[in-house]
Amino acid sequence: MKPRVLVSRAVFPEVIARLAGHFEVDDNQADVILGVDGLKARLAGKAGALTAATDPLTADVIAAAPSLKALCNFAVGYNNIDLAACTRAGVMATNTPGVLDDTTADLAWALLMASARRLPAAERWLRNGEWKGWEFVQWLGTDVHHATLGILGMGRIGQTVARRAWGFDMKVLYHKRTPLPAEQEAACRASWVDKETLLRESDFLVLLLPYSPATHHIIGAAELALMKPTAHLINVARGGIVDDEALIAALRGGRLAGAGMDVFEGEPKLNPGFLGLDNVALTPHIGSSSRSTRMAMAMTAADNLIAALGGQRPPNLLNPEVFK
Ligand code: DGY
């Protein structure tokens with residue numbers, strides 16, 4: 001008998017077909033949000049699951065599924081998984097690093113450009129029929145070229161964002177706890193600085209940190225106060241890294257020129273303060289959302305699940321101590 005697996009959210013039919021070659025698949029193509037109770041019910045009797053960043057894979061959920069051997073997130077972030085609980089329960093957990101770097105870096109740049117050149121507000125104004133004619137001083141934005149790009153969190157996606165800055169002749173600064181090895185830093189044409197210098201000197205600050213208790217509100221009122229009033233903040237990482245209330249206050253008070261936000265505290269709920277602001281570009285957590293990248297993420301998660309339940313070490317194992 002084939003092992004039983006859950007696919008917790010709607011995915012491309014090709015992914016279900018691939019899994020069906022190995023497993024008895026309980027899919028959720030209706031895309032009902034399962035939540036804690038739904039996950040407990042649907043994981044019962046399953047050997048593994050393909051899961052999303054929206055699934056709360058808490059200690060409780062994991063304990064309720066004693067047959068579980070692998071949870072394979074189709075996301076690079078895995079703050080939705082209680083990794084310690086997985087390890088205690090002998091459940092392998094995996095993510096999908098690498099396959100979404102370019103697509104997510106592209107969206108960081110899209111938001112950066114949109115914020116710099118005030119695209120969302122200008123477009124709304126045009127659509128509302130308010131454009132009465134060209135004016136010399138109209139919708140003045142901020143130049144991106146030759147500005148200083150700051151990157152907080154310089155993993156694979158951060159480095160990909162940095163390389164895209166070359167075409168704009170930008171100076172690139174970054175901060176992470178441990179500086180990159182010299183040759184990797186040179187390959188990005190980026191310089192390590194301390195966090196305060198990064199905040200003070202960046203014209204555009206892109207956040208690319210994983211969410212954890214240590215990074216909760218890593219950008220709050222105090223950090224925003226260090227930034228230039230002409231600067232723009234871009235978050236394509238995770239909600240909760242930025243104190244959204246403090247950001248809204250800074251944008252409203254003119255203490256920050258603009259922001260580009262793909263992720264939010266408590267999403268999909270949005271702090272209503274964002275909606276009244278013209279100096280923020282907003283997108284609904286679509287950093288990795290191109291067809292080919294979402295396909296690659298789901299297929300990478302499927303590879304991990306097939307390996308894990310086939311007795312192989314999954315390529316993107318997050319808790320190797322569980323693999324026997
Ligand atoms: C990720 O891969 O972590 C993206 O945010 C999708 O959830």
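This structure is a prediction, so every number in the text was calculated from the model and none was measured. Note that ligands are numbered from 1 as they come in the structure, with each ligand's atoms numbered from 1 the same way.
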Taking all heavy atoms of D262 and all of P284, pick out the closest pair and write down the distance.
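Where D262 meets P284 most closely, the heavy atoms are OD1-C, 3.8 Å.
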
Ligand-residue contact atoms, ligand 1 with [X], heavy atoms, under 4.0 Å:
X	result
A53	7 (O)
G77	1 (C), 2 (O), 3 (O)
L100	2 (O)
A75	1 (C), 2 (O), 3 (O), 7 (O)

Looking only at non-hydrogen atoms, which of R294, R238, M297 approaches atom 3 (O) of ligand 1 most closely?
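Result: the heavy atom closest to atom 3 (O) of ligand 1 is in R238.
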
Would you please classify the geometry between the F204 ring and the H232 ring as parallel, tilted or perpendicular, with 30° and 60° separating the classes?
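H232 and F204: parallel rings.
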
Side chain, backbone, both or neither: T96 near ligand 1, heavy atoms under 4.0 Å:
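The answer is neither.
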
Both conditions, 6.0 Å and 45 degrees, for the charged tip of R18 above the ring of F12: are they met here?
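So R18 doesn't make the cation-pi contact.
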
Does atom OH of Y174 have more than 12 heavy-atom neighbours, drawn from other residues, nucleotides or ligands, at distances under 6.0 Å?
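Buried by this count: over 12 neighbours within 6.0 Å.
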
Are more than 12 heavy atoms from other residues, nucleotides or ligands located less than 6.0 Å from atom CZ of R117?
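Open: at most 12 neighbouring heavy atoms sit under 6.0 Å from CZ of R117.
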
Among all protein heavy atoms, pick the one closest to atom 4 (C) of ligand 1 and tell me residue, atom and distance.
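Ranked first by proximity to atom 4 (C) of ligand 1 is H285 NE2, 3.7 Å.
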
To check your reading of the model: name the closest protein heavy atom to atom 2 (O) of ligand 1, its residue, and the distance in Å.
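Protein heavy atom at minimum distance: V76 N, 2.7 Å.
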
Is D194 salt-bridged to R200, going by a charged N under 4.0 Å from an acidic O?
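A salt bridge is absent here (no side-chain N lies under 4.0 Å from a carboxylate O).
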
